[in-house]
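Just so it is clear, the values below take in all heavy atoms, side chains as well, and ignore hydrogens, waters and symmetry mates. The chain is numbered in sequence order, starting from 1. No experiment lies behind these values; they were computed from the predicted model shown.
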Amino acid sequence: MMDTVTLTSFPTEFGVLVLIWLAGWGVSFGLIRKGITYLTHPLLMSFSFLSFSVLVMILFQPRLEPLLSSVTVPSVVVLLGVVVATIAVYGVAPRWLARPEELIARHPMEFYLPMRYRYLVPKSFEILFQQLTIVVLSLGLAATGLPLTGVVLAFLGCFAVLHLPMLLLVGTRVGMSYNLASATLAAIFPVLILRVPSGVVYSYAAHWFFYTLAALGAWMYAGGSRAHFLPK
């Protein structure tokens with residue numbers, strides 16, 4: 001029977017983490033192919049990501065517990081501020097910006113583009129799953145004696161490989177935007193997690209707010225001001 005993470009070596013930990021990652025996203029994409037998406041069935045998608053997050057927390061609890069037990073009040077305030085800012089953006093943007101219907105129709109799998117509140121629920125659990133994986137991987141790499149620069153470079157490589165398929169799924173322009181953003185976040189996440197007190201919370205907040213900024217940027221770029229569409 002597999003112990004928590006007395007999985008004894010980084011290669012073993014990494015292998016287990018990869019299997020959980022593939023299983024989590026495999027289930028997610030399987031549900032989406034059946035029409036069960038972030039927008040049509042937000043609670044079911046949330047439960048799927050939460051289940052795999054719990055599995056990561058159980059298996060890697062010895063690695064995660066010291067970080068999670070040292071969460072500070074300022075980091076929680078920042079996270080709450082990000083949540084409030086996102087809710088405000090979702091409420092205000094449709095009043096001032098034209099809905100980018102053509103962009104939404106062209107990229108139906110980009111569920112953040114319509115800016116619907118129900119999307120935020122499953123997305124929160126998806127990012128929890130991603131962040132737990134990122135935290136475990138950061139701590140595992142650091143435990144091998146790799147310096148912070150090496151951890152960041154390893155993440156840049158991993159994120160590049162993981163996000164390259166986006167070029168095929170969403171097209172070159174959107175795919176390149178994803179890859180640029182992922183490269184930036186790949187450099188930031190390990191630094192926050194390994195060097196900043198309560199950095200796991202700041203990392204989660206930054207990851208979550210990225211999708212808010214992406215949606216807002218898309219509406220501003222493709223939709224434009226509603227003033228252009230109002231009758232004169």
Side-chain angles (χ1 to χ4, degrees), residues 1-2 4-5 7 11-61 63-64 86 90 100-101 103-138 140 155 157-179 181-183 185-186 189 203-204 207-212 214-215 218:
M1 182 174 168
M2 183 161 39
T4 48
V5 169
L7 298 173
T12 305
E13 291 184 28
F14 182 72
V16 171
L17 206 56
V18 167
L19 289 176
I20 296 173
W21 178 268
L22 293 175
W25 284 107
V27 170
S28 170
F29 286 125
L31 290 172
I32 290 171
R33 284 175 65 88
K34 293 180 180 294
I36 300 169
T37 74
Y38 293 69
L39 300 179
T40 61
H41 297 79
L43 294 182
L44 188 53
M45 290 297 292
S46 298
F47 179 75
S48 174
F49 282 115
L50 178 60
S51 299
F52 286 100
S53 297
V54 169
L55 181 59
V56 173
M57 286 189 283
I58 291 172
L59 288 176
F60 296 93
Q61 184 249 348
R63 286 224 188 276
L64 295 168
T86 293
Y90 273 52
E101 299 289 0
L103 186 65
I104 292 171
R106 218 164 49 237
H107 301 288
M109 298 286 283
E110 299 305 302
F111 301 113
Y112 66 88
L113 284 176
M115 273 211 260
R116 295 174 64 185
Y117 285 115
R118 62 171 49 202
Y119 163 80
L120 298 175
V121 178
K123 193 63 182 181
S124 299
F125 289 102
E126 180 214 302
I127 292 173
L128 174 64
F129 174 57
Q130 290 195 59
Q131 281 293 312
L132 285 170
T133 306
I134 290 166
V135 170
V136 171
L137 184 55
S138 297
F155 263 87
C158 288
F159 272 50
V161 170
L162 289 172
H163 288 84
L164 277 177
M166 297 303 296
L167 295 173
L168 298 175
L169 292 173
V170 299
T172 304
R173 180 176 297 181
V174 177
M176 287 301 293
S177 300
Y178 262 110
N179 278 280
S182 70
L185 293 175
F189 288 155
S203 180
Y204 180 93
H207 199 161
W208 205 72
F209 199 54
F210 160 74
Y211 290 95
T212 304

Considering all heavy atoms of both residues, which atom of [X] and which atom of [Y] are nearest to each other, and what is their separation?
X: L128; Y: Y204; result: N-CE1, 3.6 Å
X: S46; Y: V121; result: OG-CG1, 3.5 Å
X: E13; Y: G140; result: OE1-CA, 4.5 Å

With heavy-atom distances below 4.5 Å as the criterion, would you say the side chains of [X] and [Y] are in contact?
X: I32; Y: S28; answer: yes
X: T133; Y: I20; answer: no
X: I127; Y: F49; answer: no
X: L113; Y: P100; answer: no

- Query: Which pairs with one or both residues in residues 26-39 pass salt bridge (Lys or Arg N to Asp or Glu O under 4.0 Å), sequence neighbours excluded?
  - Reply: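 Those involving residues 26-39 do not exist here.
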- Steps toward side chain to side chain contact (heavy atoms under 4.5 Å, CB included) verdict (F111, R116): CA-CA 9 Å; F111 301 113; R116 295 174 64 185; over 6 Å; no
- Go through the steps for L132 and F52 under the test side chain to side chain contact (heavy atoms under 4.5 Å, CB included), then give the verdict. CA-CA 10 Å; L132 285 170; F52 286 100; over 6 Å; no
- Query: Can the positive tip of K123 be found less than 6.0 Å from the middle of the six-membered ring of Y112, inside 45° of the ring normal?
  - Reply: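 Pair K123/Y112 does not count as cation-pi.
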Going from [atom1] on [X] to [atom2] on [Y], what distance comes out if it is rounded to the nearest 0.5 angstrom?
X: S53; Y: Q130; atom1: OG; atom2: CD; answer: 9.5 Å
X: F60; Y: L55; atom1: CZ; atom2: CG; answer: 8.5 Å
X: L64; Y: M57; atom1: CG; atom2: CE; answer: 8.0 Å
X: S51; Y: F129; atom1: OG; atom2: CZ; answer: 10.5 Å
X: M45; Y: Y119; atom1: CE; atom2: OH; answer: 10.5 Å

Quick one: side chains of residues 35-43, donor-acceptor pairs under 3.5 Å with protein atoms, not counting sequence neighbours, listed by atom name and distance.
unit_1 : atom_1 : unit_2 : atom_2 : d
T37    : OG1    : L39    : N      : 3.2
T37    : OG1    : T40    : N      : 3.1
T37    : OG1    : T40    : OG1    : 3.2
Y38    : OH     : E126   : OE1    : 2.6
T40    : OG1    : G35    : O      : 3.0
T40    : OG1    : T37    : N      : 2.9

- Check the surroundings of atom OH in Y117: do more than 12 heavy atoms from other residues, nucleotides or ligands lie under 6.0 Å from it?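 Atom OH in Y117 is packed in, count exceeds 12.
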- Message: Using the rule given for side-chain hydrogen bond (donor to acceptor under 3.5 Å, both in side chains), can you reason through W208 versus T86, listing the C-alpha separation, both sets of side-chain angles and the distance that settles it, and then say yes or no?
- Response: CA-CA 9 Å; W208 205 72; T86 293; over 6 Å; no
- Query: Is the centre of the W21 ring less than 6.0 Å from the centre of the F14 ring?
  - Reply: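 For W21 and F14, the ring centres are not under 6.0 Å apart.
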